[in-house]
**Q** 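Please see the structure below; I have some questions.
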Amino acid sequence: MSKEKARTLGRERLEDSNIWVKSTALDLLADLNDTESIDTIKPLLNAPDRMVRLAAAYTLVRLGDEQYFNELARAVKGGDTLHRFQAITYLGKIGDEVSLRQLKDLLESDEEQVLSASLKSLGDKADMELFRPLAKLSLHNSPTVRRNAVLAMSYLPPNAVKKQVKLFCTDPDPLVQLSAALAMHRLKSAECNSTFAELMEHKDFAVRASTARVLGKVDIPDRTSLLAKALGDSKVRVRTAAVRATGQMGGSEAFQLLIQMLDDPQEVIRAYTAGNLLRLMK
């Protein structure tokens with residue numbers, strides 16, 4: 001839809017009774033740089049639910065009013081876990097020097113969930129200052145921390161990290177293996193491409209679903225055949241992930257794969273298929 005239509009819908013949803021809808025609407029207005037809504041957003045700083053207050057503070061900071069940054073900084077340091085993680089996510093979205101410094105400092109935490117959330121929030125903003133912390137966290141006993149550390153390393157210079165990242169393609173945890181294979185692809189290396197095919201055969205359907213989802217982001221030689229396999233999986237979750245990934249892949253091959261899924265027994269998959277076909281035909 002047009003940005004103007006999205007802006008109108010975002011403003012309307014500021015009155016929604018659901019805190020998640022309201023928070024998402026605020027996030028949308030931040031992305032649209034809707035400075036005209038600042039006066040409408042400010043009253044939400046006094047909303048009964050803290051999640052909405054955090055979303056309002058984040059949106060106002062994104063729209064240029066930095067005095068509300070302290071609300072996010074306080075939430076990051078402690079309190080309710082859900083609010084804390086949401087504030088960590090907001091810091092990554094703001095992405096300025098002050099926000100990134102706070103996220104980098106959180107990598108010294110002893111809490112597994114804080115480490116994982118901070119690594120994920122840093123994402124593609126990781127730089128060489130983080131080389132040693134990321135190398136250390138890639139050896140963490142938590143698979144989730146290892147996974148996010150390896151993914152963050154993929155945004156560092158290839159010559160500095162490629163050899164180390166490759167080691168995790170044989171990690172004991174299959175999702176760490178998947179993250180390493182994706183990281184190697186980002187580092188312009190095909191050395192772990194075989195990992196995608198191996199994980200599509202994994203006995204755990206959650207691993208197969210995660211692999212199918214990632215295939216939408218990696219242009220490897222056998223991607224089409226791997227997605228075709230995932231589209232025929234017995235588990236709905238795997239097929240759903242494969243439909244989305246096939247839509248991301250795009251092109252005539254994606255169209256041919258998706259058209260067959262209009263006959264899937266699951267209505268939700270038929271709906272996702274129709275949506276992706278419409279997008280491909282634009």
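In this text, all values refer to a predicted model and were calculated from it rather than measured experimentally.
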**Q** Ignoring hydrogens, what is the shortest heavy-atom contact between Val61 and Phe69? Give both atom names and the distance.
**A** CG2-N, 3.5 Å
**Q** Return the NZ to CG distance between Lys163 and Leu187, rounded to the nearest 0.5 Å.
**A** 14.0 Å
**Q** Test Asn70 against Arg74 for side-chain contact (heavy atoms from CB on, under 4.5 Å), laying out the working first.
**A** CA-CA 6 Å; Asn70 288 337; Arg74 285 193 295 271; 3.8 Å; yes
**Q** Please report the closest heavy-atom contact between Ser23 and Tyr90, naming both atoms and the distance.
**A** CB-OH, 4.5 Å
**Q** Would you give the length of the straight line joining atom CG of Leu226 to atom CZ of Phe196, rounded to the nearest 0.5 angstrom?
**A** 9.5 Å
**Q** Any chance you could measure Leu258, atom CG, to Leu227, atom CG, to the nearest 0.5 Å?
**A** 9.0 Å
**Q** Looking only at atom types and distance, does a side-chain atom of Arg279 sit under 3.5 Å from a main-chain N or O of Gly247, one as donor and one as acceptor?
**A** yes
**Q** Could you give all pairs that pass the side-chain hydrogen bond (donor to acceptor under 3.5 Å, both in side chains) test and reach residues 247-259, with sequence neighbours left out?
**A** Thr224-Glu253
**Q** So, using side chain to side chain donor-acceptor pair (under 3.5 Å) as the criterion, who are the partners of Arg270 when residues are at least two apart?
**A** none
**Q** Looking only at the side chains, is there a donor atom on one of Ser189 and Glu191 sitting less than 3.5 Å from an acceptor on the other?
**A** yes
**Q** Judged by atom type as modelled, is there a donor-acceptor pair below 3.5 Å linking the side chain of Ser154 to the main-chain atoms of Leu151?
**A** yes
**Q** Should Arg84 and Asp80 count as an ion pair when the cut-off is N to O under 4.0 Å?
**A** no
**Q** Can you give me the closest heavy-atom contact between Leu231 and Arg239, atom names plus distance?
**A** O-CD, 3.1 Å
**Q** Looking at CD of Glu71 and NE2 of His83, how far apart are the two atoms once the value is rounded to the nearest 0.5 Å?
**A** 10.0 Å
**Q** Closest heavy-atom contact between Tyr58 and Leu72?
**A** CA-CD1, 3.9 Å
**Q** Using a cut-off of 6.0 Å, state whether more than 12 heavy atoms not belonging to Lys229 lie near its atom NZ.
**A** no
**Q** Tell me whether the count of non-hydrogen atoms from other residues, nucleotides or ligands lying under 6.0 Å of OH in Tyr272 goes above 12.
**A** no
**Q** Taking Arg53 for the side chain and Ala47 for the main chain, is one N or O donor matched with an acceptor at less than 3.5 Å?
**A** yes
**Q** Got more than 12 heavy atoms from elsewhere within 6.0 Å of NZ, Lys120?
**A** no
**Q** Under 3.5 Å, is there a donor on one side chain and an acceptor on the other for Asp96 and Ser99?
**A** yes
**Q** Examine the side chains of Asp222 and Ser225 and answer whether a donor and an acceptor come within less than 3.5 Å of each other.
**A** no
**Q** Would you say Val218 ends up clustered with Met153 if hydrophobic residues are merged whenever their side chains have heavy atoms under 4.5 Å apart, either directly or through other cluster members?
**A** no
**Q** Do Ile19 and Leu9 share a hydrophobic cluster (ILVMFWY, side-chain heavy atoms under 4.5 Å, transitive)?
**A** no
**Q** Tell me the closest heavy-atom pair linking Lys235 and Asp233, and the distance in Å.
**A** N-OD1, 2.9 Å
**Q** For Ala117 and Phe85, which heavy atoms make the closest approach, and how far apart are they?
**A** CB-CD2, 4.1 Å
**Q** So which of Val52, Leu44, Val21 actually passes side chain to side chain contact (heavy atoms under 4.5 Å, CB included) with Leu14?
**A** Leu44
**Q** As an exercise, state the distance from CD1 of Ile41 to CZ of Arg62, rounded to the nearest 0.5 Å.
**A** 11.0 Å
**Q** Treat each ILVMFWY residue as a node, draw an edge where side-chain heavy atoms are under 4.5 Å apart, and state whether Leu280 and Met261 are in one component.
**A** yes
**Q** Tell me if a side-chain donor or acceptor on Thr59 pairs with a main-chain N or O of Leu26 at a distance below 3.5 Å.
**A** yes
**Q** Step through the shown structure and confirm whether more than 12 heavy atoms of other residues, nucleotides or ligands are within 6.0 Å of NZ on Lys125.
**A** yes
**Q** Hey, what do you get for CG (Leu130) to NZ (Lys104), rounding to the nearest 0.5 Å?
**A** 5.0 Å
**Q** With side chains defined as the heavy atoms from C-beta onward, is the minimum distance between Leu63 and Leu29 less than 4.5 Å?
**A** no
**Q** Is it true that Arg223 and Asp219 have a side-chain N and a carboxylate O under 4.0 angstrom from each other?
**A** yes
**Q** When clusters are formed by joining ILVMFWY residues with side-chain heavy atoms under 4.5 Å apart, either directly or through shared neighbours, do Met51 and Leu91 land in the same one?
**A** yes
**Q** Examine Leu199 and Val214 and state if one hydrophobic cluster contains both, with Ile, Leu, Val, Met, Phe, Trp and Tyr joined whenever side-chain heavy atoms are less than 4.5 Å apart.
**A** yes
**Q** Run the side-chain donor-acceptor check on residues 170-184: report pairs under 3.5 Å with partners two or more places apart or on a different chain.
**A**
{"unit_1": "Thr170", "atom_1": "OG1", "unit_2": "Leu167", "atom_2": "O", "d": "3.1"}
{"unit_1": "Asp171", "atom_1": "OD1", "unit_2": "Arg146", "atom_2": "NH2", "d": "2.8"}
{"unit_1": "Asp171", "atom_1": "OD1", "unit_2": "Asp173", "atom_2": "N", "d": "2.8"}
{"unit_1": "Asp171", "atom_1": "OD2", "unit_2": "Arg146", "atom_2": "NE", "d": "3.1"}
{"unit_1": "Asp173", "atom_1": "OD2", "unit_2": "Leu175", "atom_2": "N", "d": "2.9"}
{"unit_1": "Asp173", "atom_1": "OD2", "unit_2": "Val176", "atom_2": "N", "d": "3.1"}
{"unit_1": "Gln177", "atom_1": "NE2", "unit_2": "Asp171", "atom_2": "O", "d": "2.6"}
{"unit_1": "Ser179", "atom_1": "OG", "unit_2": "Leu175", "atom_2": "O", "d": "3.1"}

**Q** In terms of side-chain heavy atoms, does Gln67 have a donor or acceptor partner in Asp65 at a distance below 3.5 Å?
**A** yes
**Q** Is it true that atom CD of Gln164 has more than 12 heavy atoms of other residues, nucleotides or ligands lying nearer than 6.0 Å?
**A** yes
**Q** Mind running salt bridge (charged side-chain N to carboxylate O under 4.0 Å, His left out) on Arg101 and Asp105 for me, showing each step along the way?
**A** CA-CA 6 Å; Arg101 173 48 52 196; Asp105 289 344; 3.7 Å; yes
**Q** Hey, does Leu277 have a side-chain heavy atom less than 4.5 Å from the side chain of Leu262?
**A** yes
**Q** Between Arg11 and Glu36, does any side-chain N to carboxylate O distance fall below 4.0 Å?
**A** yes
**Q** Is the number of heavy atoms from other residues, nucleotides or ligands under 6.0 Å of Glu12 CD greater than 12?
**A** yes
**Q** Between Ser37 and Asp34, does a side chain to side chain donor-acceptor pair (under 3.5 Å) hold up when you go through it step by step?
**A** CA-CA 6 Å; Ser37 292; Asp34 184 24; 2.3 Å; yes
